[in-house]
Structure formats: C-alpha cells, structure tokens
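Each chain gets a letter, A, B and so on, in the order the sequences are listed, and its residues count up from 1.
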Number of protein chains: 2
Amino acid sequence: MVTANRIAEMAAAMGEPARAAMLAALMDGRAMTATELARVAGIAPPTASGHLARLVAARLVAAERHGRHRYHRLAGPEAARLIESMMQMAGAAPAPHAVPRFGPRDAALRQARTCYDHLAGRLGVGLADALVAGGWVAMEGEAAWMTEAGRARFGALGIPLPQAARHGRPGCRPCLDWSERRPHLAGRLGAALCSHAFGQGWVHRVEGTRAVTVTPKGRLALREAFGLAESG
Amino acid sequence: MVTANRIAEMAAAMGEPARAAMLAALMDGRAMTATELARVAGIAPPTASGHLARLVAARLVAAERHGRHRYHRLAGPEAARLIESMMQMAGAAPAPHAVPRFGPRDAALRQARTCYDHLAGRLGVGLADALVAGGWVAMEGEAAWMTEAGRARFGALGIPLPQAARHGRPGCRPCLDWSERRPHLAGRLGAALCSHAFGQGWVHRVEGTRAVTVTPKGRLALREAFGLAESG
DNA sequence: CCGATGCTTCGGGCCTTGCCGAAGCATCGG
DNA sequence: CCGATGCTTCGGCAAGGCCCGAAGCATCGG
C-alpha cells in the first residue's frame with residue numbers, strides 16, 4: 001500500500017504537460033537553468049520554479065547552485081531510464097523530441113547527439129552496429145552483453161570496463177534511438193564509450209545543444225578501433 | 001511537444017494513490033472486476049468506475065465484459081513493464097505488494113505466485129537460479145539470454161521458444177522479485193515456462209489469488225528437467 | 001416477470017493544483 | 001556601492017479532479 005503511494009507521487013510529478021516537457025528536455029543528460037526550462041515548457045519562471053521544486057521532491061531531478069544560476073539535471077540513470085520507458089510507451093516521437101525555437105538543428109541532432117550519458121543518432125546506432133558486427137557486443141531484443149573478446153579489446157583501448165553483473169546499473173543495454181528507431185548502446189558501457197570519445201577528442205559538443213560532431217581524428221579512430229565505416 | 005503531452009497523460013493516470021493501487025493489484029496479470037478493484041483501492045464503486053475509465057483511456061488497462069461483470073487487466077506487457085519500473089524506482093516494497101484484507105496468504109504468496117504472466121516467489125527465483133546453474137540461460141545485470149544449449153533443451157521439452165530478437169517483446173529478461181529481492185525470469189520465455197507449467201499440471205493456482213502451488217508431479221518434473229532441488 | 005447484483009452516470013461539495021504578476025533575496029558586474 | 005540578472009515566495013484567481021450518495025441501465029437467477 002505504501003508502495004502504491006510512492007508510485008503515485010512519482011507518477012503525479014511526471015503527470016503534467018509542463019513537467020513532462022521539462023523532463024524530456026533534460027533527457028540528454030545536460031543540466032539546465034530554471035529559466036531555460038521555463039522557456040522549454042512555455043510557462044513563466046515562477047511557475048517553473050514550483051514545478052522544479054516538485055520534481056526535486058519526487059527525486060526525479062537534482063538541482064545544484066552555481067552562482068546565481070541553479071542547474072537542474074535528471075536525478076540519475078534510473079530516472080532517465082524511467083522516463084525513457086514512458087517515452088517509448090508514449091509511442092516514440094515522430095520528431096526527435098524537439099528543442100523548441102533554437103532553430104533548425106535537427107539535421108545535426110539526427111546525425112549525432114548525446115542521450116543522457118551515451119551517444120545517439122546515426123553515430124550512436126552506427127557504433128552499436130559496428131560493435132555487434134565486430135563481435136565486441138551481442139544484442140538480442142532488450143538484452144545486450146559484452147563478449148569475452150569485446151571485454152578484452154575494450155580494456156586494451158583503455159576504456160574502463162563495467163564489472164560483470166554489478167548490482168546497480170546494467171553494464172550494457174540497448175536503448176531505442178528516437179530518430180533512428182533502432183538501438184544504440186547505453187548502460188555503463190555506453191557511458192564509458194561516450195566519455196572516452198569526448199576525452200580522446202573524437203567528438204566535440206556543439207555549444208549550447210546536445211548535438212555532437214565527430215572530429216577528423218575521431219573519424220579515423222572510430223574506423224581503426226571499431227571498423228565504423230562512416231561517422232559523419 | 002506532443003510526446004510530452006502523451007507522457008503526461010499516462011503519468012497522470014498513474015499519479016493518484018487509488019489508481020496506483022489498482023495497477024499494482026493488476027500486476028499479477030489476472031483480471032479483476034471493478035468492484036474488486038474498488039475494494040483494493042479502498043474507495044466506493046462509482047469512484048473506482050471513474051478511475052478505471054481513465055486508466056482505459058490512457059491505454060494502461062484493458063476492459064472486457066463478461067455478462068454483468070467487467071473484467072480489467074493490464075493493457076499488455078509494455079504496461080506491466082512500465083509499472084514494474086516505477087515500482088522498482090519507488091524502492092521495492094518491504095512487503096510483497098499486499099492483497100489487502102483477504103487474510104494471511106503471505107506465506108503462500110512468498111512461496112510461489114504469478115507475476116503478470118510468469119512465475120515468481122521462491123519458486124520463480126529458484127527456477128531462474130537452476131536455469132542459470134544448468135547453463136540454460138545466462139544473466140548479467142538487467143540482461144538475460146538463452147544459451148544455445150538452453151534453446152535446444154527447451155525445444156526438446158516441447159516449450160515453444162521465442163525466436164531470437166523478434167522486434168516487440170524481449171525473449172528473455174530478468175525481473176526483480178518483490179519478495180525475494182532477486183531476479184526471476186520474465187519476458188516471452190518466462191511466460192512460456194509459466195504456461196507450460198500450468199499446462200503440464202506442474203502447478204495449480206490457489207483459487208481466487210495469484211498464489212500457486214506445486215503439485216507432486218510438478219516437483220518431480222522440475223527436478224528432472226531443470227535440476228531444481230526444492231520447489232515447495 | 002421481478003428482485004438482486006454489478007456497474008455507470010449524474011449532481012454537488014471540497015480540496016488541490018496550475019497559473020500569473022508583484023515583490024523579495026541573492027549574486028554578479030561594473 | 002548600485003543596477004541588472006536569476007530565482008523564489010506570496011497572494012489570488014480559476015480550473016480541474018477526487019469523492020460520495022442517489023438514481024439509472026443492464027444482466028442474471030428464479
């Protein structure tokens with residue numbers, strides 16, 4: 001009974017168009033200020049402030065002060081996962097959940113972007129395909145796992161590996177790509193790959209968006225390391 | 001933007017204690033009448049009727065008339081999956097989400113029950129353990145898959161097998177058991193095993209509950225087929 | 001055909017919640 | 001030190017939602 005109440009609390013926090021829009025906007029894993037989120041949701045700052053307080057209370061969103069700004073991000077991978085399930089069941093968006101008004105960045109977003117903490121778009125899907133084709137990773141339905149060979153080769157590249165079956169977050173799982181409608185790689189492995197790609201200068205973020213571009217160096221590295229033919 | 005609204009609609013449908021309690025009660029996959037659900041949620045029948053209409057509108061619940069009764073069940077595996085995610089994030093229930101007032105059936109429920117369309121409780125967890133130990137199935141984190149050997153042996157037992165990587169539902173996935181706090185087997189394989197167990201007379205449902213008992217025949221068969229030592 | 005049963009619709013009371021503008025705090029930049 | 005900026009709190013309004021009892025439909029059992 002108590003569990004039903006907690007469910008209701010969380011669900012109610014998501015169950016309002018303005019808050020749902022905010023959560024969707026946070027799904028790329030970046031943090032946003034209250035004012036930005038107000039604009040995204042199409043409401044006045046005071047209203048947004050109230051909504052955000054409620055999302056924080058429901059532990060779906062975490063907030064952090066930096067000077068006179070307050071940055072909001074999803075509370076964690078579980079929250080992202082939950083919202084992702086909802087989006088999927090909501091019938092995946094026809095357009096890749098729009099960033100309103102910021103102009104026609106759709107092409108760039110479709111090509112490559114971050115999805116919470118891993119890579120998505122054609123780049124993410126292509127990378128996942130290459131990893132499966134190369135025998136690094138196997139996928140079946142909603143399951144994915146590293147092969148033994150993959151584990152060894154990721155290690156050799158200096159990519160920190162999720163230990164097998166640690167209790168919390170799955171090491172490796174497929175995540176349905178909004179724009180491509182095919183799976184890319186999420187979970188701890190997806191996050192590790194993404195941060196490695198940033199760290200090595202394979203990709204750069206397009207300032208102020210969640211789009212990323214592949215550098216020439218990255219294009220080369222992705223082909224050499226994973227056999228990824230075209231990466232944008 | 002439209003996607004945020006649909007999310008909000010679904011979430012709002014879940015975001016009310018009475019409705020959340022109803023959904024939780026439906027999580028074993030059986031259908032319940034409106035009056036039963038009213039009692040579960042602790043509200044009057046007219047109120048429940050309104051709630052159920054809303055859940056149906058949100059496509060979380062499906063209803064079906066049988067004579068003067070109207071049976072409600074979860075709309076499908078995706079809905080079950082979604083609610084399960086919420087429960088998990090809600091911090092798995094201390095008690096196995098209670099069937100109120102129907103008396104002290106907890107012991108039986110903990111021992112063996114259905115969870116949506118597959119087996120749960122000590123029986124379900126033990127079966128999953130045995131399948132992993134016997135090399136039928138492998139599990140890692142939130143991923144699970146049939147081994148080649150397992151696929152062949154399930155087929156030999158006459159259990160209809162999910163084809164690899166069909167698009168909709170995952171063939172095989174772990175599902176955190178409420179009472180045991182360890183995974184049992186869900187997905188299409190879990191459902192196939194469960195219906196096989198009922199069909200072969202390995203288990204019987206305890207009338208009017210979601211508890212099941214293992215028959216002597218079932219105990220024998222489970223040991224012989226899967227090496228499951230004690231099955232209640 | 002008639003009463004009992006299951007469910008829904010209707011009407012109305014009550015409370016919650018969304019929304020905004022104005023005003024109050026804090027921080028930054030000069 | 002002062003104005004601009006980001007955010008929150010406050011007050012008030014309006015809409016929507018939850019809840020119930022009474023009454024209306026349908027179905028079942030005799």
Side-chain angles (χ1 to χ4, degrees), chain A residues 1 4-26 30-58 60-73 100 208, chain B residues 1 4-26 30-58 60-73 100-102 208:
Chain A
M1 225 52 199
N5 282 320
R6 173 93 182 92
I7 290 176
E9 182 195 348
M10 268 194 321
M14 290 189 281
E16 210 279 333
R19 290 194 292 261
M22 290 178 172
L23 290 171
L26 292 173
R30 291 183 309 132
M32 300 179 75
T33 66
T35 310
E36 283 172 328
L37 286 167
R39 204 167 39 210
V40 164
I43 54 181
T47 311
S49 185
H51 284 317
L52 287 168
R54 185 155 178 187
L55 288 171
V56 169
L60 290 169
V61 163
E64 200 175 332
R65 281 196 67 133
H66 275 268
R68 63 181 154 181
H69 297 275
R70 196 157 169 226
Y71 288 95
H72 299 263
R73 54 179 172 74
Chain B
M1 228 50 201
N5 281 320
R6 173 95 181 89
I7 289 176
E9 181 196 348
M10 266 195 321
M14 291 188 282
E16 210 279 333
R19 289 193 293 263
M22 291 177 172
L23 291 171
L26 291 172
R30 292 184 308 131
M32 299 178 75
T33 66
T35 310
E36 282 173 328
L37 286 168
R39 206 167 34 208
V40 165
I43 54 181
T47 312
S49 185
H51 284 317
L52 287 167
R54 185 155 176 189
L55 288 172
V56 168
L60 290 169
V61 164
E64 200 176 331
R65 279 195 70 132
H66 275 268
R68 63 181 153 179
H69 297 275
R70 198 159 166 223
Y71 288 95
H72 300 263
R73 54 180 172 73
R101 92 167 51 198
F102 290 140

> Pairs counted as Watson-Crick or G-U wobble with both distances under 3.5 Å: what dot-bracket string results for DNA chain C, using | for bases tied to another strand?
Replying inline: ||||||||||||||||||||||||||||||
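Considering every non-hydrogen atom in both A:Arg68 and A:Arg65, the closest pair reads CA-NH2, 4.3 Å.
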Ignoring hydrogens and angles, write down the donor-acceptor pairs under 3.5 Å from the side chains of residues 10-21 of chain A, residues two or more places apart or on other chains.
unit_1: A:Glu16; atom_1: OE1; unit_2: A:Ala18; atom_2: N; d: 2.9
unit_1: A:Arg19; atom_1: NE; unit_2: A:Ala13; atom_2: O; d: 2.7
unit_1: A:Arg19; atom_1: NH1; unit_2: A:His51; atom_2: ND1; d: 3.0
unit_1: A:Arg19; atom_1: NH2; unit_2: A:Ala12; atom_2: O; d: 3.1

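We find the CG-OG distance between B:Leu37 and B:Ser49 to be 11.0 Å, quoted to the nearest 0.5 Å. Atom CG of residue A:Leu60 and atom CE of residue A:Met22 lie 13.0 Å apart, to the nearest 0.5 angstrom.
Atom-to-atom, CD of B:Glu64 to C1' of C:dG6 comes out at 16 Å; the value is rounded to the nearest Å. Remark: C1' of C:dT16 and CD of A:Glu9 are 15 Å apart, rounded to the nearest angstrom. Counting to the nearest Å, the C1' atom of C:dG6 and the OH atom of B:Tyr71 are 11 Å from each other. For B:Met32 and C:dG6, the CE to C1' distance is 15 Å, given to the nearest whole Å. The NE2 atom of A:His66 sits 18 Å away from the C1' atom of D:dT5 (whole-angstrom rounding).
Counting only heavy atoms from C-beta outward, the side chains of A:His72 and A:Glu36 never approach each other to under 4.5 Å.
The nearest heavy atom of DNA chain D to A:Ala53 and to A:His69 marks one nucleotide each, and the one closer to the 5' end goes with A:His69.
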> Can you give one letter per nucleotide of nucleotides 12-27 of chain D, going 5' to 3': B for a protein heavy atom under 4.0 Å from the base, S for sugar-phosphate only, - for none?
Replying inline: ------SSBBB----B
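A distance-only check finds no donor-acceptor pair linking the side chain of B:Arg54 to the backbone of B:Val56 [under 3.5 Å].
The phosphate of D:dT8 (OP1 or OP2) has a side-chain N or O of A:Arg70 nearer than 4.0 angstrom.
The existence of a salt bridge linking A:Glu9 and A:Arg6 is confirmed by a sub-4.0 Å separation between a basic side-chain nitrogen and an acidic carboxylate oxygen.
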> Could you walk me through whether B:Tyr71 and B:Arg73 pass the side chain to side chain contact (heavy atoms under 4.5 Å, CB included) check?
Replying inline: CA-CA 7 Å; B:Tyr71 288 95; B:Arg73 54 180 172 73; over 6 Å; no
